[in-house]
Enquirer: 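I'd like to ask you about the structure that follows.
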Amino acid sequence: LPAAGETSRAGAHDPLAATKFPGLETAAGAVILEGQAMAEKENLFKQIRREGAHSTTRKVLSGNIRSRLRTASVRDGAKAADASVSAARILQSLEEMKCTRQELRALKHNACAHLCAEEDAKIASLREAFGR
């Protein structure tokens with residue numbers, strides 16, 4: 001027991017420690033909760049072993065697990081469908097970009113050919129004018 005005027009370390013809240021290590025209390029709480037969960041799990045397994053092969057607790061737990069797996073399966077199926085749709089949209093966008101690049105390349109080639117033809121005609125007319 002602490003003497004008069006002293007506080008025990010277990011019950012004391014050290015503000016200096018809280019400022020040095022801001023997440024310490026949260027982490028400590030998480031460790032304590034995890035320890036409690038592990039103890040509850042161990043007690044549950046002991047209870048199931050005591051009840052034997054036809055344990056009611058085991059049946060309830062296996063039913064809960066099956067239910068969660070079914071729910072997860074439906075969710076995974078939906079995620080797979082979403083991924084498939086997303087992949088199809090990406091492929092479509094890539095195909096559109098490819099076609100756009102080809103169109104731009106063709107326009108550039110046609111513009112270059114047209115401008116070069118105009119310049120060649122101007123140069124030819126200048127050569128004729130100067131007699132070369």
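Since this is a predicted model, take the numbers as computed values, not measurements. The basis for the numbers below is simple: all heavy atoms, side chains too, and nothing from hydrogens, waters or symmetry mates.
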Enquirer: Looking at CD1 of Ile123 and SG of Cys116, how far apart are the two atoms once the value is rounded to the nearest 0.5 Å?
Expert: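 If we round to the nearest 0.5 Å, Ile123:CD1 and Cys116:SG are 9.5 Å apart.
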Enquirer: So does Arg58 get a backbone contact from the side chain of Ser62, meaning a donor-acceptor N/O pair under 3.5 Å?
Expert: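 Checking the backbone N and O of Arg58 against the side chain of Ser62, a donor-acceptor pair under 3.5 Å is found.
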Enquirer: Going by heavy atoms in the side chains, are Arg70 and Val74 under 4.5 Å from each other?
Expert: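 No, every pair of side-chain atoms sits at 4.5 Å or beyond.
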Enquirer: With a 3.5 Å distance limit and no angle check, can you tell me whether Ser86 reaches the backbone of Asp82 through a side-chain donor-acceptor pair?
Expert: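 Answer holds: no.
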Enquirer: Asn110 and His114: side chain to side chain contact (heavy atoms under 4.5 Å, CB included), yes or no, with the steps?
Expert: CA-CA 6 Å; Asn110 289 340; His114 182 70; over 6 Å; no
Enquirer: Just so I know, are the side chains of Arg66 and Leu69 near enough to count as touching, which here means a heavy-atom distance under 4.5 Å?
Expert: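 Answer no - side chains too far apart.
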Enquirer: From Leu61 CG over to Ile48 CD1, what is the distance, rounded to the nearest 0.5 angstrom?
Expert: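 Answer rounded to 0.5 Å: 5.0 Å.
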Enquirer: We want to know whether Thr56 and Glu51 form a side-chain donor-acceptor pair, criterion being a heavy-atom distance below 3.5 angstrom.
Expert: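 Side chains of Thr56 and Glu51: no pair found under 3.5 Å.
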Enquirer: What do you reckon, is CD of Glu96 surrounded by more than 12 foreign heavy atoms closer than 6.0 Å?
Expert: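 Result for CD/Glu96: enclosed.
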Enquirer: Drop me the distance from Leu33's CG to Met38's CE, to the nearest 0.5 angstrom.
Expert: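 Rounded to the nearest 0.5 Å, the CG-CE separation comes out at 13.5 Å.
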Enquirer: Would you indicate whether the side-chain heavy atoms of Lys98 and Glu95 approach each other to under 4.5 Å?
Expert: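 The answer is yes; the side chains approach within 4.5 Å.
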Enquirer: Look at the side chain of Ser55 and the backbone N and O of Gly52, then say whether any donor-acceptor pair between them is shorter than 3.5 Å.
Expert: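 No, Ser55 side chain to Gly52 backbone: no donor-acceptor pair under 3.5 Å.
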Enquirer: For the atom pair CG (Leu94) and CZ (Arg89), what is the distance rounded to the nearest 0.5 Å?
Expert: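 Going from the CG atom of Leu94 to the CZ atom of Arg89 covers 14.5 Å.
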Enquirer: Would you say the side-chain atoms of Ser84 pair up with the backbone N or O of Ala80, donor to acceptor, closer than 3.5 Å?
Expert: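 It does not hold such a pair.
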